[in-house]
Enquirer: 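Structure incoming, see below.
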Amino acid sequence: MKILVFAEQRENKFKKPAFEAVKTARSIADQLNAEVIALVVGGDVQSIAPSLGGYGAQKVLIAEDRRLAHYASRAYARLVADAAQAHHATIVLIPATAMGKDLAPRVAVKLDAGLASDCTALNVEGSEIVATRPIYAGKALTKLKVNSAAKVFTLRPNVFAAGESNGAAAPVEKISADLTEQDLSCVATEIKQSSARLDVSEADIIVTGGRGLKGPENFAMIEQLAEALGAAVGASRAVVDAGWRPHDEQVGQTGKTVSPSLYVAVAVSGAIQHLAGMSSSKYIVAINKDKDAPIFQVANYGIVGDAFEIIPALTAEVRRK
Amino acid sequence: MKLAVCINHVPDTATKINIAADGKAIDRTGVTYIIGPYDEFALEECLRLKEKNGGDVTAISLGGDTHKETLRKALAMGADKAVLLKDDSARDSFAVARALADYLKEISPDVVFFGKQSVDYDDGAVGVMVAEMLGLPSVSVCVKLEIANGKATAEREIEGGREVVETTLPAVFTAQKGLNEPRYPSLKGIMGAKSKPIEERPASIVAGKTELIKMEKPPAKPGGKIVGTDAGAVPELVRLLHEEAKVI
Ligand SMILES: Cc1cc2nc3c(=O)[nH]c(=O)nc-3n(C[C@H](O)[C@H](O)[C@H](O)COP(=O)(O)OP(=O)(O)OC[C@H]3O[C@@H](n4cnc5c(N)ncnc54)[C@H](O)[C@@H]3O)c2cc1C
Ligand SMILES: Nc1ncnc2c1ncn2[C@@H]1O[C@H](COP(=O)(O)O)[C@@H](O)[C@H]1O
């Protein structure tokens with residue numbers, strides 16, 4: 001049995017979710033006595049490919065073409081599906097990133113495979129994989145099996161441990177990209193970087209401000225705390241809709257889903273649609289002057305008090321340490 | 001320009017979710033249903049494309065009779081035609097996509113819009129699956145779209161920024177918040193929608209490829225600790241984060 005992992009890279013660097021997916025494949029493979037093959041698609045990825053061996057890939061396939069330097073959904077999907085078929089891989093793991101979530105449905109259709117998306121756990125039970133995934137924005141969980149011969153799973157970033165590389169280098173095998181016109185009918189031409197130093201979807205610590213901060217000027221306080229913690233700045237929908245912060249900072253049902261190690265919610269009430277995006281964070285700190293604010297129900301630690309007094313003190317204390 | 005939008009009828013995002021006794025579905029008592037919030041952005045975008053380029057908008061929903069409520073709302077907002085693909089059983093994304101694709105193939109629109117995800121099963125898969133089934137290009141999670149000369153330029157949200165994507169038409173798009181601000185149906189629209197017919201057809205049925213084992217509530221978080229009520233609590237909070245949680 002073989003497991004194929006799509007190891008996402010951007011600008012010839014692996015994203016952490018790529019390592020998480022390879023490591024997860026390794027652990028499933030160890031239980032099912034299977035082999036782990038990784039696939040890297042991009043413009044110039046030869047030099048980074050072997051490093052996936054350190055997370056448990058036994059072989060790394062690379063499909064290189066300068067026209068693949070940016071994401072091209074149809075080309076990428078065809079290359080993943082072709083690689084799975086050529087190597088008889090029946091399990092395909094893909095990170096549930098912006099790229100992976102776009103890619104997986106196409107791969108699933110090409111392989112006539114069922115898809116379990118945005119999984120938060122994959123457990124081997126007997127000879128089967130049981131996936132756990134949140135539904136209703138995390139208000140419920142489902143456990144499910146994929147019944148088709150080929151199976152595609154996408155893994156929620158930051159939930160599966162990547163661990164440290166053991167330093168092993170995997171053998172690399174080039175596959176020809178052979179791009180067709182159809183492959184290139186839909187391609188990314190450019191990336192517009194957001195002005196934020198760090199994006200909430202990639203941050204290990206997030207400090208989010210809510211409407212209780214009263215105005216956009218008061219986010220300076222949040223930015224300072226974030227900087228002291230090496231964190232990204234997040235926002236509730238109320239402050240995004242008010243135009244105080246850009247939409248790409250919004251956390252929640254209609255914003256981004258995040259699972260950082262630490263989530264600090266400042267003057268955020270904790271509406272159910274906000275919780276939808278952040279309740280799987282490992283540790284949650286709430287600072288709110290209303291002791292009955294629902295955010296306290298999911299918080300590990302809370303201070304019931306005035307953010308205008310507490311945040312500067314917290315920033316100073318973090319800097320002091 | 002022929003435009004189509006697939007809309008789902010989903011529990012209001014503020015609804016409390018309880019699991020039914022069989023552990024395989026939610027308990028529907030007391031749950032109010034709405035048009036999928038992302039599907040509303042998708043519909044709005046189609047209406048704007050029509051206003052700019054001419055053409056007509058078909059809204060499609062797959063499900064039971066209750067979905068007519070959401071189709072009626074689409075008509076009230078300005079859709080020209082509503083189609084209910086009748087199907088009363090719960091199905092996975094693959095089966096939903098197959099049924100929608102079969103219908104879309106018949107009407108072959110220039111632009112097909114979806115929401116980026118349903119707010120029930122949160123799969124975020126149906127739109128792109130349909131694109132693949134129809135052999136069309138797609139751009140998912142769009143926050144901006146421009147169409148001119150038979151080509152589209154879209155911006156999609158990615159980690160740390162936006163990706164600018166160019167695609168030929170016909171194509172499939174999925175909508176993210178930020179794409180537009182959906183309109184409220186006008187009184188005239190609401191009145192007009194009452195007399196517009198909703199076409200009903202049986203959905204094409206294929207078996208799903210996933211099997212639900214069970215649904216459950218997430219484990220409750222152990223009660224948190226209130227560290228204090230003013231800035232005096234800050235050193236203790238920092239100590240806990242450092243020594244107990246080990247996250248800073
Ligand atoms: C379909 C749909 C989707 C949605 N999607 C999202 C989403 O993705 N993300 C999201 O966040 N919301 C979303 N919402 C909106 C959500 O329901 C809430 O309206 C929103 O989260 C509230 O934002 P808030 O907590 O900043 O503001 P509020 O609810 O107004 O809370 C402000 C909080 O600040 C506290 N406060 C005030 N002053 C101080 C002070 N000096 N010090 C400390 N605390 C103070 C108050 O006690 C209060 O708890 C969605 C809603 C709908 C209907
Ligand atoms: N039953 C349905 N009827 C019509 N459209 C649907 C249905 N289910 C899903 N969709 C569309 O597919 C999108 C993505 O759904 P999902 O893959 O389930 O998250 C939704 O936002 C809708 O646009």
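Proteins come first, then strands; the chains are lettered A, B, ... in the order of their sequence lines, and each starts at number 1. Remember, predicted model here, so these are calculated numbers, not experimental data.
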Enquirer: Do you know which of B/Ala125, B/Gly208, B/Ala97 has the most heavy-atom pairs with chain A at a distance under 4.5 angstrom?
Expert: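 Sorted descending by pairs with chain A, the first entry is B/Ala125.
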
Enquirer: Is it the backbone or the side chain of B/Ala171 that comes under 4.5 Å from a heavy atom of chain A, or both, or neither?
Expert: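 For B/Ala171, neither part sits under 4.5 Å from chain A.
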
Enquirer: Out of B/Glu155, B/Arg162, B/Lys16, return the one with the most heavy atom pairs under 4.5 angstrom to chain A.
Expert: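 Among B/Glu155, B/Arg162, B/Lys16, the one with the most close pairs to chain A is B/Arg162.
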
Enquirer: So for A/Asn300, is it side chain, backbone, both, or neither that comes closer than 4.5 Å to the heavy atoms of chain B?
Expert: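 Contact with chain B involves both backbone and side-chain atoms of A/Asn300.
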
Enquirer: At a 4.5 Å cut-off on heavy atoms, which part of A/Gln273 comes close to chain B: side chain, backbone, both, or neither?
Expert: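 A/Gln273 touches chain B through side-chain heavy atoms alone.
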
Enquirer: Which atoms of A/Ile191 are under 4.5 Å from chain B, going by heavy atoms: the side chain, the backbone, both sets, or neither?
Expert: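 Both backbone and side chain of A/Ile191 come within 4.5 Å of chain B.
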
Enquirer: With only heavy atoms counted, which part of A/Lys143 is less than 4.5 Å from chain B, the side chain, the backbone, both or neither?
Expert: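 Both the backbone and the side chain of A/Lys143 come within 4.5 Å of chain B.
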
Enquirer: Need one label for A/Val240: side chain, backbone, both or neither, based on atoms under 4.5 Å from any heavy atom in chain B.
Expert: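 Only the side chain of A/Val240 comes within 4.5 Å of chain B.
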
Enquirer: If we only count heavy atoms from C-beta on, is the A/His70 to B/Glu163 side-chain gap below 4.5 Å?
Expert: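 A side-chain contact under 4.5 Å is absent here.
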
Enquirer: Side chain, backbone, both or neither: which part of B/Ser118 has a heavy atom under 4.5 Å from chain A?
Expert: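 Nothing of B/Ser118, per the 4.5 Å heavy-atom cut-off to chain A.
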
Enquirer: Under 4.5 Å from any heavy atom of chain A, what part of B/Leu237 do you find: side chain, backbone, both or neither?
Expert: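 Only the side chain of B/Leu237 comes within 4.5 Å of chain A.
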
Enquirer: Counting only heavy atoms closer than 4.5 Å, note whether A/Arg74 contacts chain B via side chain, backbone, both or neither.
Expert: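 Contact with chain B: side chain only.
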
Enquirer: Please flag which part of B/Val128 lies under 4.5 Å from any non-hydrogen atom of chain A: side chain, backbone, both or neither.
Expert: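 When you check distances to chain A, atoms from both the backbone and side chain of B/Val128 fall under 4.5 Å.
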
Enquirer: Please classify the contact of A/Arg10 with chain B as side chain, backbone, both or neither, using a heavy-atom distance under 4.5 Å.
Expert: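 Just the side chain, heavy atoms under 4.5 Å.
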
Enquirer: If we define contacts as heavy-atom pairs under 4.5 Å, which of B/Leu212, B/Val238, B/Asp123 has the most with chain A?
Expert: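 If we count pairs closer than 4.5 Å to chain A, B/Asp123 comes out on top.
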
Enquirer: Step by step, would you call B/Lys209 with A/Asp112 a salt bridge (Lys or Arg N to Asp or Glu O under 4.0 Å)?
Expert: CA-CA 9 Å; B/Lys209 295 182 185 294; A/Asp112 203 26; 3.1 Å; yes

Enquirer: Looking only at heavy atoms and a cut-off of under 4.5 Å, which of B/Ser140, B/Gly232, B/Gly23, B/Pro218 has the most pairs with chain A?
Expert: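 Result: the option with the highest number of such pairs is B/Pro218.
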
Enquirer: Of the backbone (N, CA, C, O) and the side chain (C-beta and beyond), which part of B/Asp92 lies under 4.5 Å from a heavy atom of chain A, both, or neither?
Expert: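 Contact with chain A: none, neither part.
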
Enquirer: Counting only heavy atoms closer than 4.5 Å, note whether B/Ile26 contacts chain A via side chain, backbone, both or neither.
Expert: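 Side chain only.
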
Enquirer: Name the region of A/Leu314, side chain, backbone, both or neither, that has any atom closer than 4.5 Å to a heavy atom of chain B.
Expert: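 Interface part for A/Leu314: both.
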
Enquirer: Against chain A, label B/Gln176 side chain, backbone, both or neither, depending on which of its atoms sit under 4.5 Å from a heavy atom there.
Expert: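 Side chain only.
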
Enquirer: Does any heavy atom of chain A fall under 4.5 Å from the side chain of B/Tyr121, the backbone, both, or neither of them?
Expert: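 Backbone plus side chain of B/Tyr121, per the 4.5 Å heavy-atom cut-off to chain A.
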
Enquirer: Select one option (side chain, backbone, both, neither) describing which atoms of B/Lys116 are under 4.5 Å from chain A's heavy atoms.
Expert: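 Just its side chain gets close to chain A.
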
Enquirer: Nearest heavy-atom pair of A/Leu141 and B/Pro219: which atoms, and what distance?
Expert: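 In this case the closest contact between A/Leu141 and B/Pro219 is CD1-CD, 4.1 Å.
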
Enquirer: Select one option (side chain, backbone, both, neither) describing which atoms of A/Val200 are under 4.5 Å from chain B's heavy atoms.
Expert: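 For A/Val200, neither part sits under 4.5 Å from chain B.
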
Enquirer: Would you mind checking which part of B/Ile19 comes under 4.5 Å of any heavy atom in chain A, side chain (CB onward), backbone (N, CA, C, O), both or neither?
Expert: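 For B/Ile19, the side chain is the part near chain A, not the backbone.
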
Enquirer: Do the non-hydrogen side-chain atoms of B/Thr229 and A/Ile303 ever get within less than 4.5 Å of each other?
Expert: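 Sidechains of A/Ile303 and B/Thr229: no contact.
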
Enquirer: What verdict does the side-chain contact (heavy atoms from CB on, under 4.5 Å) test give for B/Ile213 and A/Lys145, after you've listed the backbone C-alpha separation in whole Å, the side-chain angles of each residue and the deciding distance to 0.1 Å?
Expert: CA-CA 7 Å; B/Ile213 302 169; A/Lys145 282 192 304 206; 3.5 Å; yes

Enquirer: Going from OH on A/Tyr136 to OG1 on B/Thr15, what distance comes out if it is rounded to the nearest 0.5 angstrom?
Expert: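 Taking OH in A/Tyr136 and OG1 in B/Thr15, the distance rounds to 9.5 Å.
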
Enquirer: Looking at every non-hydrogen atom in both residues, tell me the closest pair between B/Ile158 and A/Lys256 and how far apart they are.
Expert: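 It is O-NZ, 4.3 Å.
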
Enquirer: Between B/Glu132 and A/Lys110, what is the shortest heavy-atom contact and its length?
Expert: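 In this case the closest contact between B/Glu132 and A/Lys110 is OE2-NZ, 2.9 Å.
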
Enquirer: Please report the shortest heavy-atom distance between A/Ala313 and B/Val234, naming the atom on each side.
Expert: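 In this case the closest contact between A/Ala313 and B/Val234 is O-CG1, 3.7 Å.
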
Enquirer: In terms of heavy-atom proximity below 4.5 Å to chain B, should A/Gln193 be classed as side chain, backbone, both, or neither?
Expert: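 Both the backbone and the side chain of A/Gln193 come within 4.5 Å of chain B.
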
Enquirer: Can you say whether B/Thr168 sits under 4.5 Å from chain A via the side chain, the backbone, both, or neither, judging by heavy atoms?
Expert: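 When you check distances to chain A, atoms from both the backbone and side chain of B/Thr168 fall under 4.5 Å.
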
Enquirer: Let me know if A/Thr189 has heavy atoms under 4.5 Å from chain B in its side chain, its backbone, both or neither.
Expert: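 Contact with chain B: backbone and side chain both.
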
Enquirer: Identify the two heavy atoms, one from A/Gly138 and one from B/Asp122, that lie closest to each other, and give their separation to 0.1 Å.
Expert: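 Of all heavy-atom pairs spanning A/Gly138 and B/Asp122, the closest is N-OD2, 4.5 Å.
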
Enquirer: Please classify the contact of B/Arg156 with chain A as side chain, backbone, both or neither, using a heavy-atom distance under 4.5 Å.
Expert: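 Side chain only.
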
Enquirer: Does any heavy atom of chain B fall under 4.5 Å from the side chain of A/Ala108, the backbone, both, or neither of them?
Expert: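 The answer is both parts of A/Ala108.
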
Enquirer: Side chain to side chain donor-acceptor pair (under 3.5 Å), that's the test. Do B/Glu157 and A/His247 meet it? Break it down for me.
Expert: CA-CA 10 Å; B/Glu157 214 175 61; A/His247 178 257; 3.1 Å; yes

Enquirer: Which pair of heavy atoms, one from A/Cys186 and one from B/Thr167, lies closest together, and at what distance?
Expert: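 Nearest heavy atoms, A/Cys186 then B/Thr167: CB-OG1, 3.9 Å.
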
Enquirer: Is A/Lys282 in contact with chain B via its backbone, its side chain, both, or neither, using a 4.5 Å heavy-atom distance?
Expert: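 The backbone, not the side chain.
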
Enquirer: Name the region of A/Leu144, side chain, backbone, both or neither, that has any atom closer than 4.5 Å to a heavy atom of chain B.
Expert: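 Its backbone and side chain both get close to chain B.
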
Enquirer: Apply salt bridge (Lys or Arg N to Asp or Glu O under 4.0 Å) to residues A/Lys16 and B/Glu159 and explain how you reach the verdict.
Expert: CA-CA 12 Å; A/Lys16 190 161 154 259; B/Glu159 297 81 7; over 6 Å; no

Enquirer: Does a salt bridge link B/Lys177 with A/Asp241, judged by any charged N lying under 4.0 Å from a carboxylate O?
Expert: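 Result for this pair is yes, salt bridge flagged.
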
Enquirer: Under a 4.5 Å heavy-atom cut-off, does chain A meet the side chain of B/Glu181, its backbone, both or neither?
Expert: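 Interface part for B/Glu181: neither.
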
